[in-house]
Amino acid sequence: EPETIDWIDSFLPDCVFWDVGANVGVYSLYAAKKVDNIKVISIEPSIENIYLLNRNISENCLFDRILCYPFALSSKRGPNMLKHQCIDFGGSMNSFGVDYGHDGRTASFLHQYQVFGFQADDLEAVFGIPQPNYLKIDVDGIEHLIIRGATQILSNPSLKSVLIELNRDFKEQHDEVVDAIEKCGLQLRSNHPPNVLPDSITANTYNYIFIR
């Protein structure tokens, strides 16, 4: 995703970056290495991915710049099911608290277990996590639920930019997210199609970049 790399390259020093749906930490690690005095908050609920994420942090000696949290974000606080279409290290296409996948369609899940979920707006009060200057959300289907729980963060003038992945086949989600972010004072700067074949299941999944 070259647009994500370019976006991170634009970060100002001494910033806070929230990587929501960090997976194994590709972008968390890149930001931590690239941006001077950055503080990276990596949020990833998958037990397989959180293991590799922490291992990657350790092997790259970035433990003083990245702090990862093994829970989910959604529209409300409380435990719910994290559902996997398959369990693989570095896997994706998981769902938290819903029965559909990245495109809004009902999906089949092979494995599930309970994890705790928070609203993004909870995190400063509950954990003392600093407000983000840059926010990335890539969670394969519940981006709109996370946005519902992040209105205070989105409205905070300290938030400079948001990069969020949206599937255009999931029109209700797409329209809700774009409208909610713009109502919080950010403007759509660009959107970017995926670098995949036209018949790929993620062919209509775009990265949207908003700025204040």
Side-chain angles (χ1 to χ4, degrees), residues 16-23 41-47 49-50 67-85 92-109 111-159 161-188 191 204-210 212:
V16 177
F17 170 42
W18 285 19
D19 187 1
V20 180
N23 199 274
I41 304 298
S42 303
I43 298 174
E44 173 57 51
S46 164
I47 55 174
N49 293 343
I50 203 73
L67 180 58
C68 59
Y69 289 86
F71 51 66
L73 294 184
S74 190
S75 57
K76 59 185 179 180
R77 186 191 303 189
N80 218 320
M81 290 293 180
L82 181 67
K83 302 177 181 181
H84 294 253
Q85 296 185 37
S92 59
M93 300 298 176
N94 305 323
S95 293
F96 176 70
V98 299
D99 294 320
Y100 52 79
H102 70 287
D103 55 5
R105 298 186 178 97
T106 301
S108 298
F109 300 98
H111 307 279
Q112 61 182 349
Y113 49 88
Q114 287 196 76
V115 302
F116 208 86
F118 291 90
Q119 292 182 321
D121 288 337
D122 291 338
L123 300 188
E124 184 174 27
V126 175
F127 296 105
I129 297 175
Q131 296 279 298
N133 305 117
Y134 302 94
L135 172 63
K136 171 184 161 286
I137 304 175
D138 178 1
V139 296
D140 297 326
I142 64 164
E143 282 82 357
H144 60 306
L145 302 184
I146 293 175
I147 290 298
R148 290 178 194 175
T151 55
Q152 294 176 29
I153 285 172
L154 293 169
S155 299
N156 192 322
S158 66
L159 181 67
S161 185
V162 175
L163 186 151
I164 187 166
E165 188 178 86
L166 298 174
N167 190 307
R168 291 183 171 183
D169 293 330
F170 195 172
K171 188 176 187 305
E172 293 178 4
Q173 182 212 58
H174 171 278
D175 293 350
E176 177 183 342
V177 167
V178 172
D179 182 63
I181 293 177
E182 289 182 339
K183 283 182 177 177
C184 289
L186 294 114
Q187 297 180 334
L188 179 62
N191 59 75
N204 282 328
T205 301
Y206 284 57
N207 278 329
Y208 283 68
I209 297 176
F210 296 83
R212 193 182 304 281

I'd like to check [X] versus [Y] (side-chain heavy atoms, cut-off strictly below 4.5 Å). Are they in contact?
{"X": "Phe116", "Y": "Pro79", "answer": "yes"}
{"X": "Gln114", "Y": "Met81", "answer": "yes"}
{"X": "Leu123", "Y": "Tyr69", "answer": "no"}

Are side-chain N/O atoms of Asp103 and Asn167 paired as donor and acceptor at under 3.5 Å? no
With no hydrogens and no angle check, just 3.5 Å: does a side-chain donor-acceptor pair link Tyr206 and His174? no
Backbone of Asp19 reached by a side-chain donor or acceptor of Ser42 within 3.5 Å: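 Not a single qualifying donor-acceptor pair exists.
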Criterion side chain to side chain contact (heavy atoms under 4.5 Å, CB included) against [X], the qualifying member of [options]:
{"X": "Ile137", "options": "Leu163, Ile147, Ile43", "result": "Ile147"}
{"X": "Ile164", "options": "Asp138, Val178, Ile181", "result": "Ile181"}
{"X": "Phe96", "options": "Ile142, Val139, Asp140, Ile146", "result": "Ile142"}
{"X": "Leu159", "options": "Gln131, Gln152, Arg212", "result": "Arg212"}

Can you confirm if the aromatic rings of Phe127 and Phe118 lie within a centre distance of less than 6.0 Å?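 Yes, the ring of Phe118 comes within the 6.0 Å limit of the ring of Phe127, centre to centre.
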Rounded to the nearest 0.5 angstrom, the CG-SG distance for Asn49 and Cys68 is 11.0 Å
Closest non-hydrogen contact found for Val177 with Glu143 is CG2-C, 4.2 Å
